[in-house]
Amino acid sequence: MADGFESPDDAATVVLSAVVARVTALAGRLGVPQAQVFDTSRLSVASGVPEPVVKALLSGRPAGEPDVQARFLQRLDLLRRTRLKPNGRKYTQQEIADGAGMSRQQAGALINGDRRPTMEHCDAIQRFFRVHAGFLTAEDPEALAGALQHTEQELLHKLAGREREAAAAARDPLERLLQDHGVRGIAWRAAQLPTDQHRDKVAEWLDMLLESVKRPES
């Protein structure tokens, strides 16, 4: 904060804190482990932020690379290590140059840090690796917040699906029975039993259970 104005880094940190709080709350409602939603290795790959910086930012500590060129080099290196060719190999400098529409000398200078990237260079490389705009240059808190917002959307989608199922079950006692007793899972496991006699016993029990309720007449 300088002269009463909030710096971009301060603003990004505030946004990150808010996203972390929302994701934490959603994960708690859904019973999703914190270690899963805040998997630092996954978030590093998704955001381009080095894993130690992800860990520091998630713990509330200030962290991140302030220099744009240094961030560019970090993230380009991460892209080359994690976005591989179908054969599992890294893209060569020539392949990156061809795909990004630049000379091999330009690509080599960018990859080796001998040339400062322009926005055109960044856009071309991001399109080649099929990552979103700003992936190579966004400040670390902003990049991590963006990755967590994707996680947030996934959790919201899952929550909406669960709420739809709960509403359907509330209207339909048979559906509620299927959910409460895990009937579908029991039926699937019954099919794996070794003899017809075992399967018949399970089928008999399921028939009794299902007969205990009736669907409401439409």
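Because only heavy atoms are used, hydrogens play no part in the values below, and waters and symmetry mates are left out as well, while side chains stay in.
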Legend entry - Residues in side-chain hydrogen bond (donor to acceptor under 3.5 Å, both in side chains) contact with R22, at least two apart in sequence or another chain: E152
Legend entry - Sequence-distant partners of R127, salt bridge (charged side-chain N to carboxylate O under 4.0 Å, His left out), two or more places apart: none
In a table with atom names and distances, give each donor-acceptor pair under 3.5 Å that connects a side chain of residues 97-111 to protein atoms at least two apart or in another chain.
| residue | atom | partner | partner atom | Å |
| --- | --- | --- | --- | --- |
| D98 | OD1 | Q94 | NE2 | 2.9 |
| S103 | OG | Q106 | N | 3.0 |
| Q106 | OE1 | S103 | N | 3.1 |

Legend entry - 4.5 Å side-chain heavy-atom contact, R89 and L84: no
Inset, instruction - Tell me, yes or no, whether the heavy-atom count around H157 atom NE2, taken from other residues, nucleotides or ligands under 6.0 Å, exceeds 12. - result: no
Legend entry - Note, L78 side chain near S44 side chain (heavy atom, < 4.5 Å): yes
Legend entry - same_hphob_cluster(V131, V45) at 4.5 Å side-chain heavy-atom cutoff: no
Inset, instruction - Answer yes if the ring centres of F128 and Y91 are under 6.0 angstrom apart, and no otherwise. - result: yes
Legend entry - ILVMFWY clustering at 4.5 Å (side-chain atoms), partners of L159: V15, L16, V19, V20, V23, L26, L30, V32, V37, F38, L43, V49, V53, V54, L57, L58, L144, L148, L155, L156
Inset, instruction - Verify the neighbour count for atom CZ of R29: are there more than 12 heavy atoms of other residues, nucleotides or ligands below 6.0 Å? - result: no
Inset, instruction - Not counting sequence neighbours, which residues clear salt bridge (charged side-chain N to carboxylate O under 4.0 Å, His left out) with R81? List them please. - result: D77
Inset, instruction - Could you tell me whether a side-chain N or O of H121 sits under 3.5 Å from a main-chain N or O of T118, the two making a donor and an acceptor? - result: yes
Inset, instruction - Identify the heavy atoms of A46 and F135 that sit nearest to each other, and give their distance. - result: O-CE1, 3.4 Å
Legend entry - Sub-4.5 Å side-chain heavy-atom contact between V68 and R116: yes
Inset, instruction - Can you measure from CZ (R71) to CG (L136) and round to the nearest 0.5 angstrom? - result: 10.5 Å
Inset, instruction - Could you tell me the separation between the OG atom of S47 and the CD atom of Q149, rounded to the nearest 0.5 Å? - result: 12.0 Å
Inset, instruction - Hey, could you give me each pair passing side chain to side chain donor-acceptor pair (under 3.5 Å) that has a residue in residues 55-67? Not counting sequence neighbours. - result: S59-R61
Legend entry - pair D140-R75: side-chain heavy atoms closer than 4.5 Å: yes
Legend entry - Distance-minimising heavy-atom pair for P117 and Q69: CD-CG, 4.1 Å
Legend entry - Donor-acceptor pair, side chain of R80 and main chain of K90, under 3.5 angstrom: no
Legend entry - Any donor-acceptor pair under 3.5 Å from Q36 side chain to P33 backbone: no
